[in-house]
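Let me begin by presenting the structure, written as structure tokens, before commenting on it.
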Amino acid sequence: NIYVNVTSINRNAHLMNHHPTILLVFALCFYSMRLEGQQKLIDSLEHELTTTQSDTSKINLHYYLADLLFGYDSIAPFTHLNKGLALARKIDDNYQIAVYYYWRGSFLARTSKFAGSLPFMDTAVIFFDKHAARFKNDEQVQEYVRLTKANLLNEYATAYMGLYQYEKAI
């Protein structure tokens, strides 16, 4: 009876040694399925980028792709951001220019470069305000700018907390 229990314990211990390996294989399979789905979305958006005619749509696609690629690729997100900014300047769209600076600041904050993110966020506010001033009689634009700036305040809070300046984060 004792021999059976020891054998049983040894068998269970042997299985426990393989348990982390099984979990790792399962996690890698799940993660690769997620990446495959992400890659399909990225491929679809990049294809749409080549077919769309609207500069504003292209800008939005570039910014969306930048956000999706951030964390997977070190160059492509910034390439998409810069292409979006170039188009935004071409059509003189202060809102889209502000969104560029918003994303640049956000990306820097996400990589713990908090102090470096603040000038980009400050510049985003300037361009959001220019956009609001240009459309001062359009309440829908005013509301959209207010909401976007509210989101930007969250980015500021993150940056200031990362800099241990909690009073500014509030």
Task: Side chains of Gln96 and His62 in contact at under 4.5 Å (non-hydrogen atoms) - done: no
Task: Residue pair Gln142 / Ala132: nearest heavy atoms and the distance that separates them - done: NE2-O, 2.7 Å
Open item on the list: Tell me whether Ser57 contacts the main-chain N or O of Gln53 through its side chain, where contact means a donor paired with an acceptor under 3.5 Å.
Closed with: no
Open item on the list: So for atom CG, which belongs to Leu147, do other residues, nucleotides or ligands contribute more than 12 heavy atoms lying within a distance under 6.0 Å?
Closed with: yes
- [ ] Say whether Leu81 and Val125 are linked into one hydrophobic cluster, either directly or through other cluster members, by side-chain heavy-atom distances under 4.5 angstrom.
- [x] yes
- [ ] Could you label the plane-to-plane angle of the Tyr164 and Tyr166 rings as parallel, tilted or perpendicular, counting under 30° as parallel and over 60° as perpendicular?
- [x] perpendicular
Open item on the list: Looking at Asn60 and Thr56, would you say the former's side chain and the latter's main chain have a donor-acceptor pair under 3.5 Å?
Closed with: yes
TODO: Assess whether salt bridge (charged side-chain N to carboxylate O under 4.0 Å, His left out) is satisfied between Glu139 and Arg146, documenting all intermediate values.
DONE: CA-CA 10 Å; Glu139 188 53 40; Arg146 276 192 296 274; 2.6 Å; yes
Open item on the list: Taking the ring centre of each residue, are His131 and Phe135 less than 6.0 Å apart?
Closed with: yes
Open item on the list: Using side-chain heavy atoms (C-beta onward) and a distance below 4.5 Å, is Phe114 in contact with Thr158?
Closed with: yes
Open item on the list: For residues Leu153 and Met161: do they belong to one hydrophobic cluster (side chain heavy atoms under 4.5 Å, members Ile, Leu, Val, Met, Phe, Trp, Tyr)?
Closed with: no
Task: Within 6.0 Å of CD in Gln140, more than 12 heavy atoms from elsewhere - done: no
TODO: Measure from the side-chain N and O atoms of Tyr156 to the backbone N and O of Asp122, and report whether any donor-acceptor pair falls under 3.5 Å.
DONE: yes
Open item on the list: Quick one about Asp43 and Gln39 (side-chain donor to acceptor, distance below 3.5 Å, no hydrogens or angles considered), yes or no?
Closed with: yes
TODO: To the nearest 0.5 angstrom, please state how far the CG atom of Asp138 sits from the CD atom of Glu143.
DONE: 11.5 Å
TODO: Starting at NE2 of His80, measure out to CG of Leu69 and round the result to the nearest 0.5 Å.
DONE: 5.5 Å
Open item on the list: For the CG atom of Leu118 and the NZ atom of Lys168, what is their distance to the nearest 0.5 Å?
Closed with: 8.5 Å
Task: Flag, side chain of Tyr100 to backbone of Ala88, donor-acceptor distance under 3.5 Å - done: no
Task: Side chain Thr148, main chain Tyr144, donor-acceptor under 3.5 Å - done: yes
Open item on the list: Quick check: is Tyr72 connected to Phe78 through a chain of hydrophobic side chains (ILVMFWY, heavy atoms under 4.5 Å apart)?
Closed with: no
Open item on the list: Looking at Glu155 and Gly105, would you say the former's side chain and the latter's main chain have a donor-acceptor pair under 3.5 Å?
Closed with: no
Open item on the list: Can you classify the ring geometry of Tyr102 versus Phe128 as parallel (below 30°), tilted (30 to 60°) or perpendicular (above 60°)?
Closed with: perpendicular
Open item on the list: I'd like to know if the side chain of Thr52 reaches the main chain of Leu49, judged simply by a donor and an acceptor atom lying under 3.5 Å from each other, with no hydrogens or angles considered.
Closed with: no
Open item on the list: When you group the ILVMFWY residues by side-chain heavy-atom contacts below 4.5 Å and let the links chain together, are Leu152 and Ile126 in the same group?
Closed with: no
Task: From Asn82 atom CG to Leu87 atom CG, the distance as rounded to the nearest 0.5 Å - done: 11.5 Å
Task: Minimum-distance pair of heavy atoms, taken over all atoms of Phe127 and Ala98 - done: CB-CB, 3.5 Å
Open item on the list: Quick check: closest heavy atoms across Ser117 and Ala109, and the distance to 0.1 Å?
Closed with: CB-N, 3.8 Å
Open item on the list: In this structure, would Leu85 and Leu65 fall into the same cluster of hydrophobic residues linked by side-chain contacts under 4.5 Å?
Closed with: no
TODO: Flag the pair Phe120 / Thr123 as yes when at least one side-chain heavy-atom distance between them is below 4.5 Å, and no otherwise.
DONE: no
Task: Pair Lys130 + Asp93, salt bridge at N-O below 4.0 Å - done: no
TODO: Please tell me if the side chains of Ile91 and Ile59 come closer than 4.5 Å, counting only heavy atoms from C-beta onward.
DONE: yes
- [ ] Over all heavy atoms of both residues, which pair between Leu108 and Gly116 is shortest? Give the atoms and the distance, please.
- [x] CD1-O, 3.4 Å
TODO: Please tell me if the side chains of Glu46 and Thr50 come closer than 4.5 Å, counting only heavy atoms from C-beta onward.
DONE: no
Open item on the list: Check whether Ser44 reaches the backbone of Lys40 with its side chain - one donor and one acceptor, N or O, closer than 3.5 Å.
Closed with: no
Open item on the list: Taking ring-ring contact (aromatic ring centres under 6.0 Å, His included) as the criterion, tell me which of Phe107, Trp103, Tyr64 meets it with Phe70.
Closed with: Phe107
